[in-house]
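Structure provided below as structure tokens; questions to follow.
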Amino acid sequence: METTEFNKTLESSRLILRRITLDDAEDIFDYAVDAQVSKYTSWEQHRAIEDTHSFIHFTMQKYENNQPSDWGIIEKKTNKLIGACGWVYINENHGRAEIGYVLSRKYWNQGYMSEVVNQILGFGFGELDLNRIEARCFAENTASERVMQKTGMQYEGLLREQMIVKGRKVDIKMYSILKRELPITE
Ligand SMILES: CC(C)(COP(=O)(O)OP(=O)(O)OC[C@H]1O[C@@H](n2cnc3c(N)ncnc32)[C@H](O)[C@@H]1OP(=O)(O)O)[C@@H](O)C(=O)NCCC(=O)NCCS
């Protein structure tokens, strides 16, 4: 049986999404050490490069096991890794998946993550033939919510205290988009 490649390389006008390697450690550490970047994430701020190495090993292990994982986000004009995005999970029985994303603070508010999400939605609904793609954010994470809105996702509701993160009970907003709703962007 043919294996599905969940993290094949994707390209958009300004960005490339590709598999993460150990050579990306410094670029990843650079944003993951920033407390503002991890303010609304379920993962802890990285304190040492070893935290980044653990993340990369975890990510690479999933590639090896043919499991859905993260991509590194590469800015074409600098060839620098500026963030990561990927599948939180894929449930093939239900044609359903969840995505997550993070970007280095220097690159915020230039439309980069919306470009990334559009790319993943096209791939997920196209090649992977998914029917529903979800994204969740902390209720107060306006920038992340805005990315969901800009990429055509619909608000489905507030999941009250759905997570306990860094010792805090967190309200989560749930967004999703169905294959038949995918806007034609290009
Ligand atoms: C969320 C995140 C990925 C967004 O990436 P980005 O490339 O800046 O996103 P975009 O530029 O495509 O869109 C951001 C939108 O949010 C808006 N925005 C940003 N900060 C905002 C704020 N504090 N209040 C209101 N709107 C805000 C921007 O104006 C923009 O909307 P617009 O295009 O309508 O003006 C980035 O902020 C990030 O990495 N944050 C930290 C990690 C994180 O929270 N990840 C998501 C976990 S669910």
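Both counts, for ligands and for their atoms, begin at 1 and track the order of listing.
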Min N/O separation Tyr40 to ligand 1 under 3.5 Å:
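Among all N and O atoms of Tyr40, none is under 3.5 Å from an N or O of ligand 1.
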Can you sort out which atoms of ligand 1 are near Val102, meaning under 4.0 Å from one of its heavy atoms?
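Listed by number with element: 39 (O), 42 (C).
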Consider every N or O of Met113 and every N or O of ligand 1, then say whether any pair is closer than 3.5 Å.
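For ligand 1, there is an N or O atom that lies under 3.5 Å from one belonging to Met113.
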Atom 4 (C) of ligand 1 [closest protein heavy-atom partner, distance rounded to 0.1 Å]:
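Protein heavy atom at minimum distance: Val147 CG2, 3.8 Å.
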Return the residue, atom name and 0.1 Å-rounded distance of the protein heavy atom closest to atom 44 (O) of ligand 1.
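Closest protein heavy atom to atom 44 (O) of ligand 1: Asn141 ND2, 2.8 Å.
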Quick one: do the Glu134 and Tyr89 side chains pair a donor with an acceptor below 3.5 Å?
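Yes, Tyr89 and Glu134 have a side-chain donor paired with an acceptor closer than 3.5 Å.
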Atoms of ligand 1 close to Cys137 [distance to a heavy atom under 4.0 angstrom, numbered from 1]:
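The atoms of ligand 1 under 4.0 Å from a heavy atom of Cys137 are 48 (S).
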Under 4.0 angstrom from atom 35 (O) of ligand 1, is there any protein heavy atom?
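Within 4.0 Å: no protein heavy atom nearby.
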Return a yes/no value for Gly111: is any of its N or O atoms, backbone included, closer than 3.5 angstrom to an N or O of ligand 1?
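Yes.
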Measure from the side-chain N and O atoms of Asp171 to the backbone N and O of Glu161, and report whether any donor-acceptor pair falls under 3.5 Å.
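Yes; judged by distance alone, with no hydrogens or angles, the pair exists.
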Heavy-atom donor-acceptor pair, Trp87 side chain to Ala97 backbone, under 3.5 Å:
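Pair absent, no side-chain N/O of Trp87 close to backbone of Ala97.
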Which pair of non-hydrogen atoms, one from Val116 and one from Cys85, has the smallest distance, and what is that distance?
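Heavy-atom minimum between the residues: CG1-SG, 3.6 Å.
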For ligand 1 and Tyr101, I'd like to know whether there is a polar contact (N/O to N/O, distance under 3.5 Å).
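For ligand 1, there is an N or O atom that lies under 3.5 Å from one belonging to Tyr101.
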Going by distance alone, is a donor N or O of one side chain under 3.5 Å from an acceptor N or O of the other, for Glu75 and Tyr112?
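Yes, Tyr112 and Glu75 have a side-chain donor paired with an acceptor closer than 3.5 Å.
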Show me which atoms of ligand 1 lie under 4.0 Å from any heavy atom of Ser144.
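Reading through ligand 1 atom by atom, the close ones are 1 (C), 46 (C), 48 (S).
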Which atoms from ligand 1 have a heavy atom of Val37 less than 4.0 Å away?
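Checking each atom against Val37, I get 41 (C), 42 (C).
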Please check this pair: side chain of Lys106 against backbone of Ile82, looking for a donor-acceptor N/O pair closer than 3.5 Å.
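Absent.
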At under 4.0 Å between heavy atoms, which part of Lys150 makes contact with ligand 1: side chain, backbone, both or neither?
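It is the side chain that touches ligand 1; the backbone stays farther off.
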Distance-only side-chain donor-acceptor flag, Ser144 / Tyr101, under 3.5 Å:
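There is such a pair (donor and acceptor under 3.5 Å, judged by atom type) between the side chains of Ser144 and Tyr101.
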Which residue from Gln149, Glu140, Lys173, Arg146 reaches closest to atom 15 (C) of ligand 1 through any of its heavy atoms?
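When every heavy atom of Gln149, Glu140, Lys173, Arg146 is considered, Arg146 comes closest to atom 15 (C) of ligand 1.
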Indicate, as side chain, backbone, both or neither, the part of Gln110 found under 4.0 angstrom from ligand 1 when only non-hydrogen atoms are considered.
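Near ligand 1, Gln110 shows its backbone, while the atoms from C-beta on stay back.
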Smallest separation among heavy atoms of Phe125 and Ile177, with atom names
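Scanning both residues completely, I find the closest heavy atoms to be CZ-O, 3.4 Å.
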With under 30° as parallel and over 60° as perpendicular, where do the rings of Trp43 and Tyr31 fit, or are they tilted in between?
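It falls in the perpendicular class, over 60°.
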Point-to-point distance, once rounded to the nearest 0.5 Å, from CG of Asp27 to CG of Asn79:
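The CG atom of Asn79 is 9.5 Å from CG of Asp27, to the nearest 0.5 Å.
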Option with minimal heavy-atom separation from atom 38 (C) of ligand 1, where the choices are Phe138, Trp108, Tyr31
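It is Trp108 that holds the nearest heavy atom.
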Does the protein put a heavy atom less than 4.0 Å from atom 2 (C) of ligand 1?
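There is no protein heavy atom less than 4.0 Å from atom 2 (C) of ligand 1.
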Any nitrogen or oxygen of Thr142 lying under 3.5 Å from a nitrogen or oxygen in ligand 1? Just yes or no.
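No: no nitrogen or oxygen of Thr142 is under 3.5 Å from one in ligand 1.
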Checking side-chain polar atoms at under 3.5 Å, does Arg14 have a donor or acceptor matched by the opposite partner on Gln110?
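The criterion, which ignores hydrogens and geometry beyond distance, is not satisfied for Gln110 and Arg14.
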Of the protein's non-hydrogen atoms, which lies at the shortest distance from atom 20 (N) of ligand 1, and what is that distance?
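In this structure, atom 20 (N) of ligand 1 has Ala143 CB, 3.7 Å as its nearest protein heavy atom.
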Report the C-alpha separation of Glu156 and Arg132 in whole Å, then their side-chain angles, then the decisive distance to 0.1 Å, and conclude whether the salt bridge (Lys or Arg N to Asp or Glu O under 4.0 Å) test is met.
CA-CA 13 Å; Glu156 293 190 320; Arg132 170 186 164 95; 2.8 Å; yes
Asn109, portion touching ligand 1 at heavy-atom distance under 4.0 Å:
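Contact part for Asn109 vs ligand 1: both backbone and side chain.
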Atom 12 (O) of ligand 1 [closest protein heavy-atom partner, distance rounded to 0.1 Å]
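Protein heavy atom with the smallest distance to atom 12 (O) of ligand 1: Ser114 OG, 2.6 Å.
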Glu145 and Tyr175: side chain donor to acceptor below 3.5 Å
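Side chains of Glu145 and Tyr175: pair found under 3.5 Å.
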Is the closest N or O pair between Arg136 and ligand 1 shorter than 3.5 Å?
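Such a contact does not occur with ligand 1.
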Atom 39 (O) of ligand 1 - nearest protein heavy atom and its distance
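In this structure, atom 39 (O) of ligand 1 has Leu103 N, 2.8 Å as its nearest protein heavy atom.
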